[in-house]
Protein chains: 4
Amino acid sequence: MKHHPVLPKERILETALKLFHEQGYNTTGINQIISEAGVAKASLYLHFKSKEDLGVEYLKARHAIWYEQLLSFTNESKKEKKKILATFDFLIDINEKENFRGCSFLNMLSEIQPDESKLLAVIQDYKQELRNFFADTMENPKDNLSDTVYLLFEAAMQESQLFKSQWPVEKAKKIVSDLYKLKYFK
Amino acid sequence: MKHHPVLPKERILETALKLFHEQGYNTTGINQIISEAGVAKASLYLHFKSKEDLGVEYLKARHAIWYEQLLSFTNESKKEKKKILATFDFLIDINEKENFRGCSFLNMLSEIQPDESKLLAVIQDYKQELRNFFADTMENPKDNLSDTVYLLFEAAMQESQLFKSQWPVEKAKKIVSDLYKLKYFK
Amino acid sequence: MKHHPVLPKERILETALKLFHEQGYNTTGINQIISEAGVAKASLYLHFKSKEDLGVEYLKARHAIWYEQLLSFTNESKKEKKKILATFDFLIDINEKENFRGCSFLNMLSEIQPDESKLLAVIQDYKQELRNFFADTMENPKDNLSDTVYLLFEAAMQESQLFKSQWPVEKAKKIVSDLYKLKYFK
Amino acid sequence: MKHHPVLPKERILETALKLFHEQGYNTTGINQIISEAGVAKASLYLHFKSKEDLGVEYLKARHAIWYEQLLSFTNESKKEKKKILATFDFLIDINEKENFRGCSFLNMLSEIQPDESKLLAVIQDYKQELRNFFADTMENPKDNLSDTVYLLFEAAMQESQLFKSQWPVEKAKKIVSDLYKLKYFK
DNA sequence: CATGAATGAGACTTCATTCAT
DNA sequence: AATGAATGAAGTCTCATTCAT
């Protein structure tokens with residue numbers, strides 16, 4: 001646990017990234033983080049004002065990674081429908097790689113208290129960004145049809161975590177595909 | 001804190017019902033529960049083997065209440081479409097009454113660890129029951145179209161908790177209504 | 001755990017006999033006893049005034065069993081030396097059967113507090129009885145030579161528990177045998 | 001309870017040394033230790049991983065003190081016989097000073113469970129060291145005669161704790177003295 | 001910049017005992 | 001004679017945070 005090449009701050013964030021996602025925010029204690037990061041306790045509080053602050057940085061880092069992966073899936077196609085359907089392929093991929101741990105942001109949402117408003121604001125921002133992504137990707141801006149996809153996407157993530165199965169993703173993908181055929185999205 | 005009229009076991013469960021739902025499972029300690037229930041600590045462990053066991057009983061009680069309320073909304077109509085749309089009215093009602101605390105079951109899902117398998121099993125059971133409810137309510141059994149509604153319903157709950165707003169429910173309800181008009185559900 | 005043929009009081013004592021000896025007095029809780037005996041908690045306090053009282057009854061019952069086994073070994077011979085040496089054979093036998101749990105009385109001695117005087121008195125009585133047994137078995141009353149055997153016997157029990165090995169018993173037996181040859185015991 | 005001069009870790013160990021020896025290991029709770037040491041609970045767990053670990057440190061510290069006292073008694077003589085007999089004088093002294101609390105190591109032996117293997121290993125080590133001390137002190141290595149003394153020494157400690165009396169020590173000492181006269185030890 | 005020591009508050013669980021039925 | 005419910009006290013251990021160095 002000693003003499004890592006990277007800086008303490010990075011090690012802390014990396015470790016938090018792993019543990020908060022795998023075990024949850026409340027379940028992961030400061031002690032486990034510093035122990036696995038190989039860092040002194042005071043060092044954590046030197047770089048992060050509080051656990052909530054570390055939580056915020058965790059969400060930021062997680063968002064960056066998550067979003068990049070999403071784009072790498074959607075950027076392979078030019079057509080709207082293919083781009084949209086590719087988002088569900090991304091979910092299948094991440095479910096497999098991360099063993100159905102679901103959405104980091106929704107998971108933290110369930111854990112936070114009313115007084116942890118910083119965390120809530122960050123989560124809302126990133127989810128709004130995802131809504132915007134779907135809206136921007138879909139050509140027809142009329143009537144927020146993109147939210148249909150957004151809601152199905154969110155449900156797919158949540159339900160595959162719940163049932164530890166890919167069926168919700170596959171079903172959501174099929175629903176979206178059918179709706180395209182039905183000209184639901186004009 | 002003394003001389004309550006009801007039995008200790010009931011007081012414990014009632015208090016847990018309130019606190020687990022309002023504050024979350026991990027955030028709510030055994031001490032707060034017994035203090036607010038006006039009961040000795042050993043009394044809790046007399047009636048519930050562990051906190052996880054109390055959590056299971058909480059989910060059972062919550063399910064009973066929740067499901068009854070759902071049915072009271074859907075039973076007001078005879079027609080399928082109206083029944084289905086009424087489920088979203090139920091969400092709007094409960095969001096308002098409970099200040100957007102979202103779904104007890106999904107919230108707990110985010111908090112539990114792999115070793116708390118009893119809790120996961122209970123959550124999965126109740127969600128499967130909800131899936132079955134939609135399937136049974138919708139006449140056309142072909143192709144599990146009912147899961148479209150199920151997924152939108154789940155997303156509506158989750159997203160209204162996230163944004164502290166009714167728009168996801170209203171949007172989901174409109175989507176379902178439009179799909180009926182489009183003959184999506186045959 | 002239900003509908004045993006024997007009386008509750010007997011079941012409690014039998015269970016305590018097993019558990020106190022195997023696990024120790026303080027380590028064994030009242031709850032485990034009643035659970036394994038299949039008896040209500042109040043039933044225990046109906047038949048035994050307190051845990052200490054149950055402890056006293058345990059020592060009595062244990063003594064009866066232990067002493068009977070000891071006599072069954074010594075009664076096989078008529079000669080003093082053979083009788084004495086047989087006591088060590090008894091130790092070897094009981095060590096094997098009970099997996100080196102040592103002496104119930106000395107074990108409890110280590111656990112009791114100054115205020116548990118009833119237990120101490122019982123232990124002292126039974127150990128004095130053992131001293132008397134050696135004194136009565138050995139013909140020559142002069143100078144309490146029997147205490148040499150008593151002390152070696154006690155040490156053999158204690159040390160075989162400590163080292164989880166029969167060597168202390170075998171060594172003690174050999175020492176006594178040698179002393180006989182040396183005419184130490186006249 | 002505040003502003004003690006020595007470091008918390010030392011105060012904890014000192015207090016444990018006193019309480020474990022006087023009251024026993026299981027009977028002495030962590031709460032009493034920190035209360036009498038004037039230290040926060042978390043401080044105990046900062047310096048000692050668990051109660052068992054504190055128990056190990058207690059045994060180490062106890063051994064150091066005990067052994068030093070033993071040597072101070074035996075080092076006063078050059079001759080083997082006098083050295084050996086001095087060990088029993090040491091027992092008489094410690095019995096008096098410590099009010100017949102017996103041997104810390106044997107007392108803990110009676111309390112520990114099979115899963116507390118660290119403690120058992122430490123106890124066995126120190127007792128083996130004592131065996132070696134007798135073997136090294138006695139010139140004639142033939143036939144492990146030193147174990148005769150070791151066993152009598154152990155019994156003397158145990159039995160004086162049991163009977164709250166010096167007679168077992170005095171008797172053991174006399175036996176050893178007689179054996180020297182008998183040329184038992186060659 | 002980095003650290004190990006120290007802490008108050010609280011986590012979950014079990015103790016031996018009593019009481020009303 | 002027998003029981004299950006109820007309890008105050010205590011059990012071991014961990015929480016997020018601060019401070020002097």
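So that the names make sense, note that chain A is the first sequence line, chain B the second, and so on, each numbered from 1. The structure displayed is predicted, hence computed values, not measured ones.
Rounded to a whole Å, the CG atom of C/L44 is 16 Å from the C1' atom of F/dA5. The distance from atom CD of C/Q32 to atom P of E/dT17 is 16 Å, rounded to the nearest whole Å. Atom C1' of nucleotide F/dT21 and atom CG of A/L46 are separated by 14 Å, given to the nearest angstrom. Put simply, CG on A/L54 is 15 Å from P on F/dC15, counting in whole angstrom units. Counting to the nearest Å, the C1' atom of F/dA1 and the NZ atom of C/K9 are 12 Å from each other. Look at CZ on B/R11: it is 10 Å from C1' on F/dA6, rounded to the nearest Å. The CD1 atom of A/I30 sits 16 Å away from the P atom of E/dT3 (whole-angstrom rounding). With rounding to whole Å, B/F48 atom CZ is found 18 Å from E/dT14 atom C1'.
Residue C/K51 has a polar side-chain atom (N or O) positioned under 4.0 Å from OP1 or OP2 of E/dA16. Taking only side-chain nitrogens and oxygens, A/H47 comes nearer than 4.0 Å to OP1 or OP2 of E/dA2. The shortest distance between the side-chain N/O atoms of D/N31 and the OP1/OP2 oxygens of F/dG11 is below 4.0 Å. An OP1 or OP2 oxygen of E/dT13 is reached within less than 4.0 angstrom by a side-chain nitrogen or oxygen of B/Y45.
Put simply, the side chain of B/L106 reaches to within 4.5 Å of the side chain of B/K127, judged on heavy atoms.
Using a 30° and 60° split on the angle between ring planes, D/Y126 and D/H63 fall in the parallel class, below 30°.
For B/T28 and A/A40, each mapped to the nucleotide of DNA chain E holding its nearest heavy atom, the one lying further toward the 5' end belongs to A/A40. Take the nearest nucleotide of DNA chain F for D/T27 and for C/S43: the residue whose nucleotide is more 5' is C/S43. Positionally, the nearest nucleotide of DNA chain F for B/P8 lies more toward the 5' end than for the other of B/K41 and B/P8.
Without hydrogens or angle criteria, B/E116 side chain to B/Q113 main chain gives a donor-acceptor distance under 3.5 Å.
Between A/R101 and A/Q161, the closest heavy-atom pair is O-NE2, 3.4 Å.
With respect to D/E14 and D/K18, no salt bridge is recorded, no charged nitrogen being found less than 4.0 Å from a carboxylate O. At a threshold of 4.0 Å, the pair D/R62-D/E98 counts as salt-bridged, since one of the basic side-chain nitrogens sits closer than that to a carboxylate oxygen.
Remark: D/K51 is positioned above the aromatic ring of D/Y25, its terminal NZ or CZ atom under 6.0 angstrom from the ring centre and at most 45 degrees off the axis.
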For DNA chain F, what dot-bracket results from Watson-Crick or G-U pairs at under 3.5 Å, with [ ] for crossers and | for inter-strand partners?
.||||||||||||||||||||
